[in-house]
Amino acid sequence: MGSNKVLKELDELVAREELTLAFQVFVSAWNSMPRLHSELWHRGFSIALTSDVPEIQDSFIKQCQRLLKEEPDNYDVLGKMAALYDAKELYARSLPIYQRMLKMKLPPEICRDVEYSLAMLYNSTKEFVLAKKYLSSALLKTEDAPEFFTPYYALMGEIEGNLGNLGAAVYWYDTAITNDPYDSSWLRKCALLLETTGAKEKAKSYWERILAIPRNRLGEIVCDDGRPYWKESEFRKDQKMARKYLGIGTD
């Protein structure tokens, strides 16, 4: 099978969400077509990261470990292996990898990505002060193109919320929303945070903004006790339910 055909087959399988079969094709091509390795590598990682099949993730991690025997300081391989450990919630294994990477002479953008990954890790393990420390450092490296770092702003909103800093949390969520107004996840997280603090009227304004997003820029919205969230089912009916619950009229 030619190299272009292999890549096309992989892309088609991923598009159909046939990830197990896609990974089998990746492994076969990896073992038989060394000239394709650079192009296959990122596809294989994407498949492993997206898949929730432990065997696929473990297989890619083993491949990372083999490559690191030849190039122990290959930060691309280290980063991918750590990301897969994070996906498996094996933070005790990913943490020393990130710490090792920060001791290396990394390009600034790679260092930034490692700090962001550490912030996500510490947020997941409820070590919010450390999460804020690393994300603050990462944010200092995002000034040139703020529109590309919406997840950073949203994560800081979540961290500040976890620390009980409501004003700072809303500020960072609003920054994320400004940069990506059609992603309802930031609006929803901010609304839920505000509800937990009793600021229901302010929370309502965020739910209203979700419902105002044009359907062709959003997914489907349903009503969960009045709270709109992503789901692909009965858009028209459930959007009306959400509007009625929130008291903002119907379509």
Interatomic distance, Cys190 atom SG to Ile210 atom CD1 [nearest 0.5 angstrom]:
10.0 Å
Just verifying a value: how many Å separate Leu19 CG and Leu49 CG, rounded to the nearest 0.5 Å?
11.0 Å
Is the closest side-chain donor-acceptor distance between Tyr98 and Asp86 under 3.5 Å?
yes
Side-chain (Ser137) to main-chain (Tyr134) donor-acceptor, under 3.5 angstrom
no
Below 4.5 Å, heavy atoms only, C-beta onward: do Arg209 and Pro181 meet side chain to side chain?
no
Tell me whether the rings of Phe26 and Phe23 are parallel (<30°), tilted (30 to 60°) or perpendicular (>60°).
tilted
Pair Asp73, Met104 - check side-chain contact (heavy atoms from CB on, under 4.5 Å), show working.
CA-CA 8 Å; Asp73 292 330; Met104 299 164 59; 3.8 Å; yes
Regarding Glu115 and Lys133, does a basic nitrogen lie under 4.0 Å from an acidic carboxylate oxygen?
no
Flag yes if Tyr153 and Leu140 sit in one hydrophobic cluster, no otherwise; membership is Ile, Leu, Val, Met, Phe, Trp, Tyr, and two members link when side-chain heavy atoms are under 4.5 Å apart.
no
Taking every non-hydrogen atom, the tightest pair across Pro72 and Leu78
O-CD1, 3.9 Å
How close do Met120 and Leu155 get, heavy atom to heavy atom, and via which atoms?
CG-CD2, 3.5 Å
CG of Asn74 to CG of Leu67, rounded to nearest 0.5 Å, is 7.5 Å
Of all heavy-atom pairs linking Ile97 and Ala82, the shortest is CG2-CB, 3.8 Å
Dump the intermediate steps for side-chain contact (heavy atoms from CB on, under 4.5 Å) on Thr150 and Asp183, then the final yes or no.
CA-CA 10 Å; Thr150 305; Asp183 190 328; over 6 Å; no
Can a salt bridge be assigned to the pair Asp58 and Lys62 using a cut-off of 4.0 Å between side-chain N and carboxylate O?
no
Looking at CZ of Arg112 and CG of Leu139, how far apart are the two atoms once the value is rounded to the nearest 0.5 Å?
10.5 Å
Could you tell me whether a side-chain N or O of Thr197 sits under 3.5 Å from a main-chain N or O of Leu194, the two making a donor and an acceptor?
yes
Checking the side chain of Thr125 only, and the main-chain atoms of Tyr122 only, is there a donor and an acceptor separated by less than 3.5 Å?
yes
Below 4.5 Å, heavy atoms only, C-beta onward: do Gln65 and Met81 meet side chain to side chain?
yes
Determine the minimum heavy-atom distance between Ser136 and Met156, stating which atoms define it.
OG-CE, 3.5 Å
When you compare the side chain of Leu40 with that of Leu7, does any pair of heavy atoms fall below 4.5 Å?
yes
Give a yes or no on whether a salt bridge exists between Lys200 and Glu195, defined as a side-chain N under 4.0 angstrom from a carboxylate O.
no
Which value, rounded to the nearest 0.5 Å, describes the distance between Leu13 atom CG and Ile47 atom CD1?
8.0 Å
Considering only heavy atoms from C-beta outward, does the side chain of Lys80 approach that of His42 to under 4.5 Å?
yes
Going by heavy atoms in the side chains, are Leu106 and Val114 under 4.5 Å from each other?
yes
Between Phe60 and Phe45, how do the two ring planes meet: parallel, tilted or perpendicular, split at 30° and 60°?
tilted
Would you indicate whether the side-chain heavy atoms of Ser51 and Thr20 approach each other to under 4.5 Å?
no
Could you report the tightest heavy-atom contact between Leu135 and Tyr152, atom names first, then the distance?
CD2-O, 3.5 Å
Contact check, side chains of Glu89 and Ser124, non-hydrogen atoms, under 4.5 Å
no
Ser46 vs Val14, test: side-chain contact (heavy atoms from CB on, under 4.5 Å). Steps then yes/no.
CA-CA 9 Å; Ser46 179; Val14 170; 5.8 Å; no
Can you check whether Gln63 reaches Trp41 side chain to side chain, under 4.5 Å on heavy atoms?
yes
Does the gap between the ring centers of Tyr85 and Tyr91 come in under 6.0 Å?
no
With a 3.5 Å distance limit and no angle check, can you tell me whether Ser205 reaches the backbone of Lys202 through a side-chain donor-acceptor pair?
yes
Do you know which two heavy atoms are closest between Leu193 and Ala169, and how far apart they sit?
CD2-CB, 3.5 Å
Would you mind listing every side chain to side chain donor-acceptor pair (under 3.5 Å) that reaches into residues 159-176, with sequence neighbours excluded?
Asn123-Asn162, Lys132-Glu160, Glu160-Asn165, Asp174-Tyr206
Test item: Ser28 side-chain N/O and Gln24 main-chain N/O as donor-acceptor pair under 3.5 Å
no
For the CD atom on Glu17, are there more than 12 heavy atoms of other groups (residues, nucleotides or ligands in this structure) within a distance under 6.0 Å?
no
The reported gap from CH2 in Trp186 to CG in Asp180 (rounded to nearest 0.5 angstrom) is 7.0 Å
Show your reasoning for whether side-chain contact (heavy atoms from CB on, under 4.5 Å) applies to Leu118 and Leu130.
CA-CA 9 Å; Leu118 276 167; Leu130 283 171; over 6 Å; no
